[in-house]
There are 2 protein chains.
Amino acid sequence: MLSNTPQPPYYAAIFTSQRTEEDGDYELTAIRMVELAAEQPGYLGVDSARGVDGTGITVSYWTSLEAIAAWKTNAEHLLAQAQGQAKWYERYSVRIARVERAYASAI
Amino acid sequence: MLSNTPQPPYYAAIFTSQRTEEDGDYELTAIRMVELAAEQPGYLGVDSARGVDGTGITVSYWTSLEAIAAWKTNAEHLLAQAQGQAKWYERYSVRIARVERAYASAI
């Protein structure tokens, strides 16, 4: 299922990561973060994929930079970020981008 | 392996897709497109992941919108796009975005 987003402009948070082999509550936390993000003001959608080599990309879509900043500092999300940095991610990058144009296949 | 990109601003082409079950030359073509993209003027890097559910995300990074437009109309890439639309993708979206901020984990 791919996200349906409105016409640009809007914003995207592109999170790329390389997982460690440590699991713990990773899956549960990842699912919870998707649920929690969807409850935040300004949320437009999320797309996520992780390959068998451990490389993952999650792109979340938002109405504004302010909405992304608020999500970044959400208390439960901050806790998940700290766990991710400590245990689950070998390496990660976050890129904040303004979507200028978009097009999709006919459904 | 995650991409190392320079300081923003730069541009990202976010390609999300849902694969069909048809394979053919998909893997070979996907590998070739990554190689070919890397030879284009203005190319900065690419990150890619596809999960077992068939959802995939490829984000390529570029110096300018012009570089992305040139890549989109590259002859060999156009052929791959046509095959993708005809055979390999159930559904896809392309989003062109300007990366405004970026940060990464310490390596």
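First the proteins, then the strands, lettered A, B, ... as listed; each starts at 1.
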Toward chain A, the part of B/Ser17 with a non-hydrogen atom under 4.5 Å: backbone
For residues 56-81 of chain B, which residue pairs qualify under salt bridge (charged side-chain N to carboxylate O under 4.0 Å, His left out), counting only residues two or more places apart or in two chains? B/Arg32-B/Glu76
Is it possible for you to say whether B/Leu44 and A/Val59 belong to one hydrophobic cluster, with membership spreading through side-chain heavy-atom contacts below 4.5 Å? yes
Got a donor-acceptor contact below 3.5 angstrom from the B/Ser93 side chain to the A/Ala104 backbone? no
Given the rule that I, L, V, M, F, W and Y join up when any side-chain heavy atoms are under 4.5 Å apart, are B/Tyr11 and B/Val34 in one cluster? yes
Interface moiety of B/Tyr89 toward chain A, non-hydrogen atoms closer than 4.5 Å: neither
What part of A/Glu100 is in contact with chain B, defined as an atom under 4.5 angstrom from a non-hydrogen atom: side chain, backbone, both or neither? both
Between B/Gln18 and chain A, which part of the residue has a heavy atom less than 4.5 Å away: side chain, backbone, both or neither? both
Side chain / backbone / both / neither for A/Arg101 at chain B, heavy atoms under 4.5 Å: both
Applying the 4.5 Å side-chain criterion to the ILVMFWY set and letting contacts propagate, would B/Leu65 and B/Phe15 be lumped into a single cluster? yes
Do the side chains of A/Val99 and A/Tyr43 join up, straight or via other hydrophobic residues, at under 4.5 Å, putting them in one cluster? no
Near A/Glu39 CD, under 6.0 Å, is it more than 12 heavy atoms from other residues, nucleotides or ligands? yes
Crowding at CD, A/Glu35 (>12 non-hydrogen neighbours, <6.0 Å): yes
For B/Arg98, is it the side chain, the backbone, both, or neither that has a heavy atom closer than 4.5 Å to a heavy atom of chain A? both
Should B/Leu79 and B/Leu28 be counted in the same cluster of Ile, Leu, Val, Met, Phe, Trp and Tyr side chains packed under 4.5 Å apart? no
Answer key: most heavy-atom pairs under 4.5 Å with chain B among A/Gly54, A/Pro9, A/Gly56, A/Gly51 is A/Gly51
Would a 4.5 Å heavy-atom cut-off, applied to side chains only, mark B/Ile14 and A/Ile14 as touching? yes
How far does CZ of A/Arg50 sit from CD1 of B/Ile57, to the nearest 0.5 angstrom? 10.5 Å
Top residue by heavy-atom pair count (under 4.5 Å) with chain B, among A/Leu2, A/Thr55, A/Thr5? A/Leu2
Structural part of A/Tyr61 lying under 4.5 Å from a heavy atom of chain B: side chain
